[in-house]
Every structure is written in structure tokens, then in C-alpha cells.
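Quick notes on the structure that follows.
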Amino acid sequence: MSNDAYTLASEAAAALKSAAGLDTFDVALVMGSGWVPAADALGETVADIPFTELPGFRAPAVAGHGGKIRVVRTEQGRHALVFLGRSHLYEGRGVDSVVHGVRTAAAAGVRTVVLTNAAGGLRPETQKVGDPVLISDHINMTGANPITGTTFIDLTEVYSRRLRTLVHEIDPSIAEGVYVAFRGPTYETPAEIRMLRTLGGDMIGMSTVLEAIAAREAGLDVLGISLVTNPGAGLSGDPLNHEEVLEVGRVTATRMGILLAKVVDRL
Ligand code: HPA
């Protein structure tokens, strides 16, 4: 990480507070592809702030990834920063761009971040398309890390056990799994999917791990949830496509939105 990246996040946080007319926020949620439709269930919109109005953000390149921060007031009166869209490593804007949202949220006073994503399921024996899976741990195969230098951050419990327990209390049927991240933007080959199953992965995607690392560096509690949108390449015989990923998100939006709303109000 460069000092510049932190400074930029502080500037973005100041701009965000002034645009929202609020001094602090309780939680941030990063809505991955397939999750954007679920945002509507979180509460009343206080402000919609386009990424382009905040230092260091740029409009996302991918369809289905939105492009703004929505400030939401939940039923219990909490204030959530809802990131409708995120930056990915495969977009080529560098790792600081990928974690800028999380750093901005931390600089704005947030102590908890909920990272959502769409993922391929590596265990079709037990996972159904459209099911949410709590991320219990990750394997970072992006080859990148948001931290540069001699800051040795402990990653023993990246995804908070306390927050996972809370989700299980809300919905005991939700499974847990290990999320593997590749850089993308290609989907995986069937041989890579077999490798990842052997390595102990349960879901495969192209996001989340770098944001989770940056969040831990900033001392935030992290909750990670994958929406399984397809079996991993070669496991079903069907080719993969981004439209299918978005469609599963649309179909499951209400369930995921209700789940997230309950989580946020019990933090
Ligand atoms: N692989 C990688 N990323 C994904 C997938 C997948 O199968 N599905 C949704 N995002």
C-alpha cells in the first residue's frame, strides 16, 4: 500500500460524509454481481452518490455492477454504506483501486464490512444454484495483495466467527465454505476446477479476497457471503456466462435482501 492510497481514501471518506450529510456510518456492504437487486430490501435510501463524485473511484466496467454508493437507513435506524458495484483486479486499475471502497468505508468510521459476491460452486454434490454460502476462509490465488511492505497482518480469522454465528442464528440452513479467488476475467478451465476441489476450495470467484485483506488491515470485522450462481466449469457440462450469473441474482434478490437486512440490524 502506498500512503497516497490511504490519503485518497480519507479524502473520499470526507466527500462521502459531506454528500450524505452524515458524520459516521455503522456498516458497509459491497454488493457483488448478482447482489445489486438485493440492495432495495435494506432500508430507506438517504442518498445515492455516484462513484464519479468521489476521489479515487471510477465507474465499474462490468454490466450488473452498478456504479454508486447508496446510503441507507435501516429499520432500526442504522446507517449503511451500500456499494453498488466494485472494482476488480481484472479491470487493470491495480490493487489499490480494488480495495479503495473498503479503505474509504474504514476512513468513514465503519467497523464492519459485508462482502458479497457471485461464485461458481465447487461442490455441486451439496450446493444448489441460488444458495448463499458463508465464507469461512479464503485461498488467494490472484497473485496480488493490497499490502506492500513489512506489515505482517494476521489472517487466522479473516471472516469473523462472531458474524458467521449471527447469520446462522438468523438462517441455520446456510452452509459455510472456502472461497478461492482467481484474477479472471476468464472463467476457469475444468482442470483448474478439479485442482481447486483437491486444494479444499468450495467456491470460486474473482473478487472479495483483496478487499477482505484490506479490511483486516484496517481492523474491520468482515462477513463474506457468496451466492452460488453456477457449478464450476466442467462440473455440469454447460458453458458459463455472465448473464446467467446476473439472472440468478435477480431470482434470489428478495431472499438475499431480507437476509442482509436482518444481519445489518443485528450487528
Ligand atoms: N468462476 C469465477 N467467477 C464466477 C463464477 C465462476 O464459475 N461464477 C460467478 N463468478
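Note that the numbering runs from 1 along the sequence shown for the chain. Both counts, for ligands and for their atoms, begin at 1 and track the order of listing.
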Quiz prompt | Short N-O contact, R266 and E169, less than 4.0 angstrom | solution =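 Answer for the salt bridge query: yes.
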Quiz item: Quick one: do E188 and R194 make a salt bridge, cutoff under 4.0 Å?
Solution: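 The answer is no: the pair does not qualify as a salt bridge.
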Quiz item: Which residue pairs pass the salt bridge (charged side-chain N to carboxylate O under 4.0 Å, His left out) test when at least one of the two sits in residues 106-119, sequence neighbours left out?
Solution: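 Counting only pairs at least two positions apart or across chains, no salt bridge (charged side-chain N to carboxylate O under 4.0 Å, His left out) contact touches residues 106-119.
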Provide, line by line, the atom pairs where ligand 1 and the protein bring an N/O atom each to a distance under 3.5 Å; else say none.
from	atom 1	to	atom 2	distance (Å)
ligand 1	1 (N)	E188	OE1	2.8
ligand 1	1 (N)	E188	OE2	3.3
ligand 1	7 (O)	N230	ND2	2.9
ligand 1	8 (N)	G120	N	3.3
ligand 1	8 (N)	N230	OD1	2.7
ligand 1	10 (N)	A118	O	3.4

Quiz item: When you look at NZ of K262, are more than 12 heavy atoms from neighbouring residues, nucleotides or ligands closer to it than 6.0 Å?
Solution: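 Atom NZ in K262 is not crowded, with 12 or fewer foreign heavy atoms closer than 6.0 Å.
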Practice problem: Could you list the residues that satisfy salt bridge (charged side-chain N to carboxylate O under 4.0 Å, His left out) with R216, not counting sequence neighbours? | Solution: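 Residues passing salt bridge (charged side-chain N to carboxylate O under 4.0 Å, His left out) with R216: none at all.
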Quiz item: For R162, what residues pass the salt bridge (charged side-chain N to carboxylate O under 4.0 Å, His left out) criterion, not counting sequence neighbours?
Solution: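 With sequence neighbours excluded, R162 shows a salt bridge (charged side-chain N to carboxylate O under 4.0 Å, His left out) to D221, given in chain and number order.
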